[in-house]
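To keep things clear, I will list the structure first and then write my remarks on it.
Values reported hereafter were calculated over all heavy atoms of this structure, with side chains retained and with hydrogens, waters and symmetry mates removed. Sequential numbering from 1 along the given sequence is applied to the chain's residues.
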Amino acid sequence: MAISNIQTTSVINATDSANGLKPSAYYDKILLKVLRATDFKHRMFAKKKNLPKNYGDTINFRTYKKLDPKLTPLTEAMTPAPDSAEGSSITAVIKQYGAVMYFSDKVKNEQLDDVVTEYVIEQGHQARETLDLVARNTLITGAGTHFYAGGVSSASAVATKASIDDFRKMANGMKKQHIRGVKGNRYGVFVSVDVMQDLLDDERVQRLMEYGGTNKPMMDNEIVNIYNLSFVEVINPAILRKGETDETGKELGTFSGNHEVHRSIMVGEEAYAEVNLSGENVKTFFKGLGSAGTEDPINQRLSIGWKINGYAVKVLKPQAVGIYYSANLR
């Protein structure tokens, strides 16, 4: 089997045997450390669930309809009409994710351990970013509410930067549907760096800082909890650029200007769930020179990789996920 992406700049000298167990254990620790340290946020408000092994690849969530209040007084000796229990089932199917890199023995005699180590670290970043984007894209496609800055009716018409009042309106809409917040009853809002800057420049936010006698948001470069909202700056925001298509399939065409349209994501309580196959979190793999047997008969290749055997993100309450479209005019 031909391998087209062999790297010829590095090799690890840990072992020439089939599977170097000690190197694998060492690189595993590096990857886990990086996974904990890397700053990706879209999964932070998800409901965490584990799918037990040997139970297939599907998990079901059940949601139940809210019972309406009863304002009609009871009639003496008369049993009231019973309420019906109504529920719906939401299914999530876990999938595998992973990546691999190959290295050649061409420069084996050089000291290249650090090169492989750096790529193991980068693979840790890659794994965490993969899960972050899976969560972000699931929220975008599963959202039940779309709110456009400037009061327009489509993403292609958005030409106004973000405002704190728009986020307040979105939060009020969730409150009216009896949706609670995620963090101290505050609604979580994932925003880009540029949207965060727009909010810091918002006149209402600046007046509130004056009233409170604090410049902490300016010093920290982030909006503190305000108006029952908790803003979280993300490094992988969902951005639409001129000529691109909205992932929801609802907004097509070309934007009215040359600016970007940033999509901020607001979530309420139990808006979405993250599912992992129990005991099967990210694992790293190291295959030494010759480990491919007859596919590598003269010990020319080794590989490093990572795999997640089962992972899924599912929107549980579409009405608890809102997408806010605003223009980046910077």
Side-chain angles (χ1 to χ4, degrees), residues 1 3-5 24 27-28 30-63 88-102 119-144 182 188 190 232 234-240 244-250 263 265 267 270-287 303-318 320-321 323:
M1 180 177 63
I3 299 174
S4 60
N5 63 336
S24 293
Y27 289 125
D28 238 2
I30 294 175
L31 179 56
L32 291 175
K33 180 179 179 181
V34 173
L35 285 174
R36 291 176 184 140
T38 308
D39 195 20
F40 295 108
K41 302 290 185 65
H42 284 106
R43 302 157 57 202
M44 65 183 296
F45 296 128
K47 182 183 181 71
K48 311 296 183 183
K49 297 295 291 185
N50 284 325
L51 177 62
K53 285 185 178 181
N54 304 318
Y55 278 80
D57 62 356
T58 303
I59 184 171
N60 289 318
F61 298 89
R62 291 197 64 82
T63 61
S88 59
S89 178
I90 299 172
T91 299
V93 179
I94 59 173
K95 297 180 180 180
Q96 291 185 326
Y97 297 89
V100 65
M101 295 182 70
Y102 296 96
Y119 273 113
V120 172
I121 293 173
E122 175 57 26
Q123 283 190 332
H125 181 90
Q126 181 187 38
R128 186 63 178 268
E129 187 169 16
T130 296
L131 301 187
D132 183 66
L133 291 175
V134 169
R136 185 203 72 182
N137 293 343
T138 300
L139 289 169
I140 290 291
T141 57
V182 294
F190 299 114
V232 179
V234 295
I235 61 176
N236 274 326
I239 298 175
L240 290 172
E244 291 183 345
T245 302
D246 189 326
E247 294 168 6
T248 66
K250 296 180 180 178
R263 287 173 288 184
I265 305 172
V267 296
E270 295 190 345
Y272 62 119
E274 177 184 70
V275 184
N276 288 280
L277 184 61
S278 184
E280 292 292 326
N281 294 326
V282 62
K283 293 186 180 296
T284 56
F285 299 89
F286 172 81
K287 305 294 184 180
S303 65
I304 57 173
W306 62 271
K307 185 173 72 169
I308 297 170
N309 277 325
Y311 181 77
V313 177
K314 187 73 175 182
V315 170
L316 303 179
K317 301 176 183 177
V321 181
I323 309 301

Could you grab the distance from atom [atom1] of [X] to atom [atom2] of [Y], nearest 0.5 Å is fine?
| X | Y | atom1 | atom2 | result |
| --- | --- | --- | --- | --- |
| Arg62 | Ser88 | CZ | OG | 7.0 Å |
| Gln126 | Leu131 | CD | CG | 10.5 Å |
| Thr138 | Leu133 | OG1 | CG | 10.5 Å |
| Ile308 | Thr130 | CD1 | OG1 | 7.5 Å |
| Thr63 | Ile90 | OG1 | CD1 | 4.5 Å |
| Glu274 | Asn50 | CD | CG | 9.5 Å |

Could you report the tightest heavy-atom contact between [X] and [Y], atom names first, then the distance?
| X | Y | answer |
| --- | --- | --- |
| Phe61 | Ala92 | CE1-CB, 4.2 Å |
| Leu277 | Pro52 | CD1-O, 4.0 Å |
| Ile94 | Leu51 | CD1-CD2, 3.7 Å |
| Ala273 | Ala46 | C-CB, 4.2 Å |
| Ala143 | Ile323 | CB-CG1, 3.4 Å |
| His42 | Leu139 | O-CD1, 4.2 Å |

Which residues pass the side chain to side chain donor-acceptor pair (under 3.5 Å) test with [X], sequence neighbours left out?
| X | answer |
| --- | --- |
| Tyr97 | none |
| Glu270 | Lys47 |
| Lys307 | Asn309 |

**Asked** Within a strict 4.5 Å, meaning less than it, do heavy atoms of the Val313 and Tyr272 side chains meet?
**Response**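 Heavy-atom side-chain distance check passes, below 4.5 Å.
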**Asked** Do the side chains of Lys314 and Val275 get nearer than 4.5 Å, heavy atoms only?
**Response** no
**Request:** Could you give me the CA-CA distance, side-chain angles and deciding distance for Arg128 and Arg43, then say whether side-chain contact (heavy atoms from CB on, under 4.5 Å) is met?
**Result:** CA-CA 10 Å; Arg128 186 63 178 268; Arg43 302 157 57 202; 3.2 Å; yes
**Asked** Quick one: side-chain contact (heavy atoms from CB on, under 4.5 Å) partners of Thr91, sequence neighbours excluded?
**Response** Thr58, Asn60, Ser89, Val93
**Request:** Could you pull out all residues at least two apart from Val182 that satisfy side-chain contact (heavy atoms from CB on, under 4.5 Å)?
**Result:**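 With sequence neighbours excluded, Val182 shows a side-chain contact (heavy atoms from CB on, under 4.5 Å) to Phe45, Val267, given in chain and number order.
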**Prompt:** When you look at Tyr102 and Lys287, which way does the side-chain contact (heavy atoms from CB on, under 4.5 Å) test go after all the steps?
**Reply:** CA-CA 9 Å; Tyr102 296 96; Lys287 305 294 184 180; over 6 Å; no
**Asked** Which is it for Thr284 and Ile304 under the side-chain contact (heavy atoms from CB on, under 4.5 Å) test, yes or no, and what are the steps along the way?
**Response** CA-CA 7 Å; Thr284 56; Ile304 57 173; over 6 Å; no
**Message:** Main chain of Pro237, side chain of Arg263: is a donor-acceptor contact present, judged purely on distance under 3.5 Å?
**Reply:** no
**Message:** Does Ile265 form a side-chain contact (heavy atoms from CB on, under 4.5 Å) with Ile140? I'd like the steps, not just the answer.
**Reply:** CA-CA 8 Å; Ile265 305 172; Ile140 290 291; 3.9 Å; yes
**Item:** Lys53: salt bridge (Lys or Arg N to Asp or Glu O under 4.0 Å) partners, not counting sequence neighbours
**Value:**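 Testing Lys53 for salt bridge (Lys or Arg N to Asp or Glu O under 4.0 Å), a comparison that skips the adjacent residues, returns Glu280.
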